[in-house]
Amino acid sequence: MFFEKNKETMSRKDIENLQTELLKEKIEYAYKNVPFYKQKFDEYGINKNSINSIEDIRKLPFTTKNDFRDNYPFGLFAADMKKIVRIHSSSGTTGKPTVVGYTKNDIETWSSLVARIAAAAGVSDEDIIHIAFGYGLFTGGFGLHYGLEKIGAAIVPASSGNTKKQIMLMKDYGATVLVCTPSYALHIAEVARREGLDIETDLKLKVGMFGAEPWSNKMRQKIEEALNIKAYDNYGLSEVMGPGVAGECETQDGMHISEDHFIAEIINPDTELPVKDGEYGELVITPLTKEALPVFRYRTRDITKLTKEPCVCGRTSARMYKPIGRTDDMLIIRGVNVFPSQIEEVLFSIDGISPHYQIILERAGALDSATILVEANANLFFDEMKKQRQFLDKINYELKTTLGLDVAVKLVEPHSIERSEGKAKRIIDKREM
Amino acid sequence: MDINDYKITQISVFIENKKGRFYNVTKTLKESKVNIRAMSLADTMDFGILRFVMDKPKDAYDSLIEKDFIVKKNDVLAIAIKDESGGLSELLKIISDLDLNIEYMYTFVNALENKAVMLFKFEDIDLAIEKLLDENIELLKEEFFKRV
């Protein structure tokens, strides 16, 4: 299903022409309204005439999270507070939060973008949508809420917390769509089962729209089986808008980027040069239609790849694949680069493994060690020590072949890994650097 | 004779090698009024496998599952041997001569007068029952564990 079909099926040439025009306008707009960009553009000798084709975006400087911090709280805003109608911000666990603002038009744009990804996932005004994202400064809750309202669906803004009650609401109100983080979706399935619910008959869920944390295709399978739904991924980040930047269609083969609103590039994070088509690198996004907060070439730190091949759904937009990691969540263990998603792929390829795991990093002397905690269950428990060891050795071997690194695998009791209602805590780094 | 009469239900429990884990298992068994007849613990640095023979294996199994323990049921054989020097050795020689594979074994103390009881997990329990009975080895039945 489409929300704005004519825009979602523009020819590649029209998309690029539109992007070039919007980019020129945005450069002029930011130059006039944001001292930070005025100074940057002067320094780089950039004005709207520097842009003649979409490739010319490479002349522009990058914007990073630090630029947001340096201009905390409102230094990057281009609109007066009078025009701003909403402020969101990051949790700021590592310092000052990242603050973003929206004008009335921005909220409209954002809602339409979310409506697009919802329609692409098959959601319509017939649906009852249970949103278990936290409502608050985090863009997930309100972002999805406004977009889904725009589609005309009935929304249950459950927010986060109290899983048993959430399940009761889903059952009693007949939710057909679940919106939350993928790890929380699994937690819901587990609690529902423990409470004695029959997922197929007690719940009416058809579709899940999950985002806000990286998850693998194997995890998707687990969620789809556990909740008897189709699980769709979507992508966004508050610095460039929020959720709704990209989302999967029913083909589930990459997330369609709304390119009439964003320019997406993939660069090598070290050389900062574009990678070859289809290669993995860091995703860089330039929003083209934001009024409150124009941003250029934002470094998302997400590692992914793009394809511009036409999709069977009819959309012409570039698709981004599930990020396989972040430039900043890449773990360096004994000098080997490891993305937690690689570990997840290996674990989830083993039959019967529980979806709850945690990676513990420790340092003894100068040597790092990684231990992966996996929750045991009847499928993974053998009454014989020999078979139990063989099973653990097999996981260890698979990890070693994939990662090129020896990691210990430890079975722990069920429910001993902390469940999260927001983003799952997969990594416990106890190393003192 | 039904060879199934000689199959003794054994319950195995996965426990993490952490303080209080073993106690939690025994507490659950106590609450369901199950009496432990024989047990063994195989342990590693990280985890252990507890194996029990009990008077009420079904109650034990259900109560442990209820408490979210990871539990497996298996059949083992209970073999009575002379409680004297060489008793076990004699039995093991027979088992070895019969070419039966033992996966693990443990003892059941204070069972019978002048006799010791050993619990065996064989690779092929049916074959083991048949061959050991042929050798006139004394196999105990499950009722025995309900009585003692």
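What you see below is based on every heavy atom in this structure, not just the backbone, and it leaves out hydrogens, waters and symmetry mates. Chain identifiers are assigned alphabetically (A, B, ...) following the order of the sequence lines, protein sequences preceding nucleic acid strands; residue numbering begins at 1 within each chain.
Atom OH of B:Tyr104 and atom CE of A:Met385 lie 10.5 Å apart (nearest 0.5 Å). Between the CD atom in A:Glu384 and the CD1 atom in B:Ile49 there is a gap of 8.5 Å [rounded to 0.5 Å]. To the nearest 0.5 Å, atom CD of residue A:Glu413 and atom CG of residue B:Asn24 are 8.0 Å apart. Taking CG of B:Leu50 as the reference point, atom CG of A:Asp383 lies at 11.0 Å (rounded to 0.5 Å).
Interface remark: B:Asn74 contributes side-chain atoms only to the contact with chain A (heavy atom separation under 4.5 Å). Proximity to chain A is limited to the backbone of B:Asp43, based on heavy atoms less than 4.5 angstrom apart. Looking at B:Ile65, there are no atoms closer than 4.5 Å to chain A (heavy atoms on both sides), in backbone or side chain. Interface residue A:Leu392: only side-chain heavy atoms are found under 4.5 Å from chain B. Within the 4.5 angstrom heavy-atom criterion, atoms from both the backbone and the side chain of B:Phe14 approach chain A.
Enclosure of atom CD in A:Glu200 is not indicated, since only 12 or fewer non-hydrogen atoms of other residues, nucleotides or ligands lie within 6.0 angstrom. Residue B:Asp2 places its CG atom among more than 12 non-hydrogen atoms of other residues, nucleotides or ligands, all under 6.0 Å distant. Under a cut-off of 6.0 angstrom, the local environment of CG in B:Asp134 is crowded, with over 12 non-hydrogen atoms contributed by other residues, nucleotides or ligands. Counting non-hydrogen atoms of neighbouring residues, nucleotides and ligands closer than 6.0 angstrom, the OH atom of A:Tyr173 reaches no more than 12 such neighbours.
Geometric assessment of B:Lys72 against the ring of A:Phe382 yields a positive cation-pi assignment under the 6.0 Å and 45° thresholds.
The greatest number of non-hydrogen atom pairs below 4.5 Å with chain A, out of B:Lys18, B:Arg21, B:Lys121, is found for B:Arg21. In terms of non-hydrogen atom pairs under 4.5 Å with chain B, the most contact-rich of A:Val412, A:Leu411, A:Asn377 is A:Val412.
Proximity of B:Ser12 to A:Phe381: side-chain heavy atoms (C-beta onward) are separated by under 4.5 Å at one or more points. Counting heavy atoms from C-beta on, the side chains of A:Arg389 and B:Thr44 come closer than 4.5 Å.
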